[in-house]
Novice: 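This is the structure, below, for whatever I ask next.
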2 protein chains.
Amino acid sequence: MNTPLDTSRDRPFSQTLRRLKDAGLRPTRQRLALGKLLFDAGDRHVTAEQLHAEAGSKGIKVSLATIYNTLNQFTESGLMREVVVAPGRSYYDTNTEDHHHFFYEDDGSLKDIPHDAIALSAMPDAPEDAEVARVDVIVRLCRAVDNQSQ
Amino acid sequence: MNTPLDTSRDRPFSQTLRRLKDAGLRPTRQRLALGKLLFDAGDRHVTAEQLHAEAGSKGIKVSLATIYNTLNQFTESGLMREVVVAPGRSYYDTNTEDHHHFFYEDDGSLKDIPHDAIALSAMPDAPEDAEVARVDVIVRLCRAVDNQSQ
DNA sequence: GGGTTGTTTGGAACAGTTCCAAACTATTGA
DNA sequence: TCAATAGTTTGGAACTGTTCCAAACAACCC
C-alpha cells in the first residue's frame with residue numbers, strides 16, 4: 001500500500017538499511033539491530049562495552065567482537081566518529097558533523113557542545129608539510145561541589 | 001665553595017631535587033634520574049614506554065612499574081600533566097601551563113601549540129551543577145600528501 | 001538451490017597499565 | 001652512627017580494553 005517512493009512511513013529498519021547500503025556494508029541481522037540502536041535515538045555516544053550491554057539487555061544476541069567490528073566499520077565508512085577523551089576506552093559518536101564535546105569526568109559521559117556555542121578565534125598554522133585533519137575541543141567537567149562559595 | 005644561596009651553578013640534580021622536595025616526594029635515585037631526563041630538556045611529551053626505553057638506553061636501570069608510578073606521582077603533584085590524544089596510550093607533558101597541542105597522527109608525536117596562537121572566542125556555559133575543570137584543544141595533523149594540488 | 005564471498009563468533013592473543021608482596025632505601029631520632 | 005620506621009622499587013601476576021583467528025554461518029547472485 002506504499003508508493004515506492006514513500007519514505008514517510010518506513011519499516012522499522014529501512015533508515016538503517018539505507019545507511020548500510022550506502023556505506024557498502026551488508027545489512028546483516030547484527031548490523032541492522034545495532035544500527036537501529038545507534039541511529040534511531042538521536043545523537044549518541046557509546047563505548048563498545050556499553051553498546052554490548054545495551055544490546056544484551058534488549059535481547060539482541062551479538063558478540064563483543066562483532067560490536068568492535070561494527071563500530072570500527074561504521075567509523076571507517078563515515079557513519080560514526082571516534083572521540084578520544086579518556087585513556088583506556090574508546091567512545092563512538094553517531095554525530096558526524098563538525099562539533100565538540102563536554103566530558104563529565106565523574107561518570108565518563110559525553111555530551112555534544114552545540115555547534116554555535118564554541119568557536120576558535122585564532123587558529124595556529126599547521127607546521128610545514130602537515131595539514132590539519134581535525135580539531136577536537138574537549139571541555140572537561142566535574143560536578144560542582146558547592147554553589148554557594150563565591 | 002658555593003655560597004649557600006648560589007643557584008647559578010647547581011649540581012646536576014638540584015633542580016629536580018628541589019621539585020621533588022616541594023612536591024613532598026622522596027628524592028630517590030630513580031626519581032632523580034627520571035626527573036632529570038624529563039625536566040632538564042625543555043618541554044617534553046612522553047609515554048611510559050618511551051621514557052622507559054630512553055632511561056634504559058642511557059644506562060638508568062628503572063623498572064616499568066616505577067616509570068608508571070613516577071609519571072603518575074609527578075602528575076598528581078602537579079609537576080606534569082596527562083594528555084589524552086590516542087586510545088590505548090597515555091602521554092605525559094612536562095609543560096603544566098595552560099596550553100594546547102598538535103598531534104601528528106602519522107607518528108604519534110605531540111607538540112605544544114604556542115599559547116597565543118590559539119584562542120576560544122565563545123565558550124559554552126557549563127551545564128548546571130557542573131564546572132569546567134579544563135579545556136583541551138587537540139589539532140590533529142597528518143602529513144601533507146601533495147603541496148601542489150590546490 | 002548452490003556456490004561464492006562477506007560476516008559472526010568464542011576464545012586465544014595482545015598491549016598498556018595496575019596491583020602485589022618482598023626486597024630495598026631514605027629519613028629520623030637517639 | 002645505628003636501628004627503627006616509613007616510603008619506594010621491583011618482577012611478575014593480574015586486569016582491562018581491543019584485536020586476531022579459524023571455523024561456522026548468512027547474504028547475495030546467477
Side-chain angles (χ1 to χ4, degrees), chain A residues 13-14 16-37 45-56 59-77 79-80 82-92 108 110, chain B residues 13-14 16-37 45-56 59-77 79-80 82-92 108 110:
Chain A
F13 289 105
S14 54
T16 297
L17 189 62
R18 162 65 44 89
R19 287 181 191 248
L20 292 179
K21 289 223 161 132
D22 290 353
L25 295 169
R26 275 193 193 173
T28 63
R29 181 176 60 76
Q30 291 85 344
R31 294 210 269 238
L32 283 168
L34 295 177
K36 194 160 153 54
L37 284 185
H45 306 93
V46 299
T47 65
E49 291 287 355
Q50 282 167 9
L51 185 59
H52 189 226
E54 182 177 342
I60 302 166
K61 275 202 61 182
V62 199
S63 74
L64 190 53
T66 296
I67 299 278
Y68 277 104
N69 287 341
T70 303
L71 288 172
N72 287 330
Q73 290 153 349
F74 282 9
T75 301
E76 278 157 28
S77 34
L79 265 36
M80 302 187 77
E82 193 175 356
V83 187
V84 181
V85 278
R89 54 183 164 177
S90 293
Y91 286 78
Y92 296 86
L110 274 175
Chain B
F13 288 104
S14 53
T16 296
L17 190 61
R18 162 67 43 89
R19 287 180 189 249
L20 292 179
K21 289 222 160 130
D22 290 352
L25 295 169
R26 278 195 191 171
T28 63
R29 180 174 61 74
Q30 291 85 342
R31 294 211 268 238
L32 284 167
L34 295 177
K36 195 160 153 51
L37 284 186
H45 307 92
V46 298
T47 64
E49 291 287 356
Q50 281 167 9
L51 185 58
H52 189 227
E54 183 177 342
I60 302 165
K61 274 203 64 184
V62 200
S63 74
L64 189 52
T66 297
I67 299 277
Y68 277 104
N69 287 341
T70 303
L71 287 172
N72 286 329
Q73 290 153 349
F74 283 8
T75 301
E76 279 157 26
S77 33
L79 265 37
M80 301 186 78
E82 192 175 355
V83 187
V84 180
V85 278
R89 55 184 164 177
S90 293
Y91 286 77
Y92 297 85
L110 274 175

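Quick caveat, the model's predicted, so the values are computed rather than measured. Each chain gets a letter, A, B and so on, in the order the sequences are listed, and its residues count up from 1.
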Novice: So what does B:P27 hit on the nucleic acid, given a heavy-atom distance under 4.0 Å: a base, only sugar-phosphate, or nothing?
Specialist: sugar-phosphate
Novice: Just how far, in rounded Å, is C1' of D:dA26 from NZ of A:K61?
Specialist: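 Result: 15 Å.
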Novice: Provide, to the nearest angstrom, the distance between the CG atom belonging to B:L20 and the P atom belonging to D:dT8.
Specialist: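 To the nearest whole Å, that distance equals 10 Å.
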Novice: Tell me whether the side-chain N/O atoms of A:S90 come closer than 4.0 Å to OP1 or OP2 in D:dT18.
Specialist: yes
Novice: In the structure I gave you, are the side-chain heavy atoms of A:Q73 and A:R31 within less than 4.5 Å of one another anywhere?
Specialist: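 Of all side-chain heavy-atom pairs linking A:R31 with A:Q73, at least one is under 4.5 Å.
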Novice: Over how many whole Å does the gap from B:R26 atom CZ to D:dT9 atom P extend?
Specialist: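 So the two atoms are 10 Å apart, to the nearest Å.
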Novice: Could you grab the distance from atom CG of B:L51 to atom CD1 of B:I67, nearest 0.5 Å is fine?
Specialist: 4.0 Å
Novice: Please tell me if A:Y68 has a side-chain N or O lying less than 4.0 Å from either OP1 or OP2 of D:dT18.
Specialist: yes
Novice: Take B:R89 and B:N69, find for each the nucleotide of DNA chain C with the closest heavy atom, and name the residue whose nucleotide sits nearer the 5' end.
Specialist: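 Between the two, 5'-proximity favours B:R89.
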Novice: Could you list where the contact with chain B starts and ends along DNA chain C, reading 5' to 3', using a 4.0 Å heavy-atom cut-off?
Specialist: C:dG16 to C:dT27
Novice: Would you confirm whether B:H52, through its side chain, and B:V62, through its main-chain N or O, come within 3.5 Å as a donor-acceptor pair?
Specialist: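 The answer is yes, because a donor-acceptor pair under 3.5 Å joins these two groups.
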Novice: Go nucleotide by nucleotide along DNA chain D from the 5' end; which of A:Y91 and B:G24 gets its closest nucleotide reached first?
Specialist: B:G24
Novice: Rounded to whole angstroms, how far apart are CD on A:Q30 and P on D:dC25?
Specialist: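 Roughly 13 Å, once rounded to whole Å.
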Novice: For B:K61 and B:R29, which heavy atoms make the closest approach, and how far apart are they?
Specialist: O-NH1, 3.7 Å
Novice: Could you check whether A:T28 gets within reach of a base, just the sugar-phosphate, or nothing at all, counting any heavy atom under 4.0 Å?
Specialist: sugar-phosphate
Novice: Do A:L37 and A:I60 come within less than 4.5 Å of each other through their side chains, counting heavy atoms only?
Specialist: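 Side chain of A:L37 against side chain of A:I60, heavy atoms only: contact under 4.5 Å found.
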Novice: Of B:R31 and B:L64, whose nearest nucleotide on DNA chain D comes first from the 5' end?
Specialist: B:R31
Novice: Compute whether any side-chain donor of one residue and acceptor of the other, for A:T75 and A:E82, lie under 3.5 angstrom apart.
Specialist: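 On atom types as modelled, these side chains do not qualify, holding no pair under 3.5 Å.
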Novice: Please tell me if the side chains of B:L32 and B:K36 come closer than 4.5 Å, counting only heavy atoms from C-beta onward.
Specialist: no
Novice: Nearest-Å distance, CG (A:N72) to P (D:dG17)?
Specialist: 16 Å
Novice: Could you tell me the separation between the CD1 atom of A:I67 and the C1' atom of D:dT19, rounded to a whole number of Å?
Specialist: 15 Å
